[in-house]
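Here the structure is laid out as structure tokens; the discussion comes afterwards.
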Amino acid sequence: MANLINGKEIAAQVKAEVAKESEKLAEYGVTPGLAVIIVGDDPASKIYVRNKKRACEEVGFYSEEFALPEKTSQKELLDLIDTLNKRFDIDGILVQLPLPKHLNEKTIIGAISPKKDVDAFSPFNVGRVMIGEYRFLPCTPAGVMELIKSTGVEISGKNCVVIGRSNIVGKPMAMMLLHENGTVTVCHSKTENLSEITSKADILISAVGKAHFVTADMVKEGAVVIDVGMNNDEDGKLCGDVDFESVEPKAGYITPVPGGVGPMTIAMLMKNTLTAAKLNSAVAAKRPPKK
Ligand code: NAP
């Protein structure tokens, strides 16, 4: 039977540390500020934004939500980002993805000042992650790293397999494991003999987006299994990519869904916003007083 990795508990620890640091910053008159922009009415995005706002309250940050209508033009959105880039009370800017089709995601994300890009999605910050000289790590893979470290299993020298190669999860995940001296294989929809590769993984991370995708025959006995997937099962219930029932008895450590990677993503966002506030604190002294 696998040890359950409690993402909720670890996320609470991360947020408690952030709250403590935030209190220290308050002594210098600095309140970390996060702006969250949401365009349109996607119900899942609305829930994510609400959770981010709640987390900001928990750790003592200032947060501001910009809920824009679906028909918002690219120029309007870029103008808002430009204004937020210049505001002293805003340290982090997050644009909730996905954006409506008429908006160019790359252009929008690229317009966020690298110092305020707390999602670390802009090409500048992606490049820094690539060379291992980062200020911000993308939140989901950063959260996964914390979960792996919580098991006490060494990454160095281990066979690490990542299923999924998206820019926001799979690719940065692989890079972070590489920085920790893992021997990394990245799999995707064109990968041949997937289960042959995954069943050699000491550490297996699934970021595919398909319910019951990872089954017991794909997993090595005693492996660390991290489930990034967020899907709905046949009954409409939230589930991950991993077929928990069959994989759990075989794995050494496993994350549940919900309660695994999800809470960590938000905790790492808080950590990044704190980092941003520290980076910006040289100019923070010039902040106008809060209304
Ligand atoms: P994505 O952009 O859709 O990428 C999915 C990846 O899975 C792609 O690289 C795709 O390969 C690969 N894939 C699809 N079918 C496959 C197959 N049969 N065999 C092997 N690989 C296959 O998704 P994402 O944004 O990375 O997200 C992945 C999942 O994580 C989703 O369920 C998402 O909701 C979840 N997620 C959770 C959090 C969290 O906080 N918990 C955060 C972000 C994402 P190709 O590149 O070849 O198409």
Side-chain angles (χ1 to χ4, degrees), residues 5-8 10-12 14-15 36 42-52 54-55 94-99 101 105-106 109 118-121 126 129 136-148 160-177 184-201 204-215 217-219 225-233 236-244 254-272:
I5 306 174
N6 191 334
K8 237 173 148 176
I10 299 165
V14 172
K15 282 189 284 182
V36 181
D42 179 51
S45 292
K46 279 183 170 175
I47 294 172
Y48 299 145
V49 167
R50 199 174 60 212
N51 290 342
K52 285 165 187 172
R54 201 174 290 156
L94 184 147
V95 177
Q96 186 63 47
L97 301 178
L99 286 168
K101 295 260 180 302
E105 232 164 71
K106 278 189 190 156
I109 299 301
V118 285
D119 256 339
F121 289 167
V126 169
V129 172
F136 307 117
L137 283 170
C139 303
T140 300
V144 171
M145 291 305 281
E146 293 292 321
L147 295 178
I148 297 171
C160 305
V161 174
V162 181
I163 322 177
R165 57 172 164 180
S166 70
N167 289 331
I168 62 169
V169 188
K171 282 183 201 160
M173 187 74 254
M175 206 47 64
M176 285 180 216
L177 291 163
V184 186
T185 308
V186 183
C187 301
H188 46 79
S189 67
K190 306 289 186 291
T191 298
E192 290 177 6
N193 306 322
L194 180 67
S195 55
E196 208 176 286
I197 299 166
T198 59
S199 57
K200 291 198 178 85
L204 177 62
I205 296 156
S206 183
V208 174
K210 290 182 180 166
H212 310 299
F213 184 78
V214 176
T215 45
D217 57 304
M218 296 169 72
V219 175
V225 179
I226 308 283
D227 192 350
V228 181
M230 270 172 55
N231 316 296
N232 290 317
D233 68 10
K237 253 177 65 189
L238 178 67
C239 71
D241 292 343
V242 176
D243 184 46
F244 193 87
I254 191 167
T255 56
V257 178
V261 176
M264 288 306 289
T265 297
I266 296 189
M268 300 319 280
L269 173 67
M270 297 301 110
K271 201 169 171 181
N272 280 352

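Here the structure is a predicted model, which is why all the values come from computation and not from measurement. Residue numbers run from 1 in the order of the sequence given. In listed order, ligands and their atoms are each counted from 1.
Side-chain N or O atoms of Q96 include none that pairs as donor or acceptor with a backbone N or O of K46 at under 3.5 Å. At distances below 3.5 Å, at least one donor-acceptor pair connects side-chain atoms of D233 with backbone N or O atoms of G236. Side-chain atoms of N272 come within 3.5 Å of backbone N or O of V118 as a donor-acceptor pair. Counting only distance, with no hydrogens or angles, the side chain of D241 and the backbone of A211 share no donor-acceptor pair below 3.5 Å. For the pair D227 (side chain) and T255 (backbone), a donor-acceptor distance under 3.5 Å is absent.
Atoms of ligand 1 found under 4.0 Å from any heavy atom of N231 (numbered from 1 in listed order, with element): 32 (O). Shown in contact with I163 at under 4.0 Å from a heavy atom are these atoms of ligand 1, numbered in order with element: 20 (C), 21 (N). For ligand 1 and A207, the ligand atoms under 4.0 Å from any heavy atom of the residue are 5 (C), 6 (C), 7 (O), 28 (C). Against a heavy-atom cut-off of under 4.0 Å, I168 is close to the following atoms of ligand 1: 25 (O). Residue contact check: G164 has heavy atoms under 4.0 Å from atoms 6 (C), 7 (O), 9 (O) of ligand 1. Close approach to V169 involves these atoms of ligand 1, each under 4.0 Å from a residue heavy atom: 26 (O), 43 (C), 44 (C).
Scanning the protein for heavy atoms near atom 31 (C) of ligand 1, the closest one is G209 CA, 3.7 Å. Summary of contacts: the protein heavy atom closest to atom 14 (C) of ligand 1 is V208 CG1, 3.7 Å. Nearest to atom 10 (C) of ligand 1 among the protein's heavy atoms is S189 N, 4.3 Å. Counting protein heavy atoms only, atom 26 (O) of ligand 1 is closest to S166 OG, 2.5 Å. Looking only at heavy atoms of the protein, atom 40 (O) of ligand 1 is closest to T265 OG1, 2.7 Å. H188 C, 3.1 Å is the protein heavy atom nearest to atom 21 (N) of ligand 1. Summary of contacts: the protein heavy atom closest to atom 33 (C) of ligand 1 is M230 N, 4.2 Å. At the top of the distance list for atom 9 (O) of ligand 1, counting protein heavy atoms only, stands R165 N, 2.8 Å.
Just one residue in the list V144, V169, V186 forms a side chain to side chain contact (heavy atoms under 4.5 Å, CB included) with I205, and that residue is V144.
In this structure, K210 counts as a contact residue of ligand 1, since one of its heavy atoms falls inside 4.0 Å of the ligand. Under a 4.0 Å heavy-atom criterion, G170 is not in contact with ligand 1. Heavy-atom separations between V228 and ligand 1 include at least one value shorter than 4.0 Å.
K52 and M270 make their closest contact through O-CE, 3.9 Å (heavy atoms, listed as atom of the first residue, atom of the second, distance). Considering every non-hydrogen atom in both G7 and L147, the closest pair reads CA-CD2, 3.9 Å. When all heavy atoms of M218 and S195 are compared, the pair lying nearest together is CG-CB, 3.6 Å. Counting all heavy atoms, side chain and backbone alike, C187 lies closest to L194 at CB-CD1, 3.5 Å.
In terms of polar-atom proximity, defined here as any N/O pair under 3.5 Å, K190 makes no such contact with ligand 1.
Between L204 and I163, the closest side-chain pair of non-hydrogen atoms falls below 4.5 Å. Taking 4.5 Å as the limit, some side-chain heavy atom of P138 sits within range of a side-chain heavy atom of V129.
Here the shortest heavy-atom distance to atom 42 (C) of ligand 1, taken over V144, V162, T140, belongs to T140.
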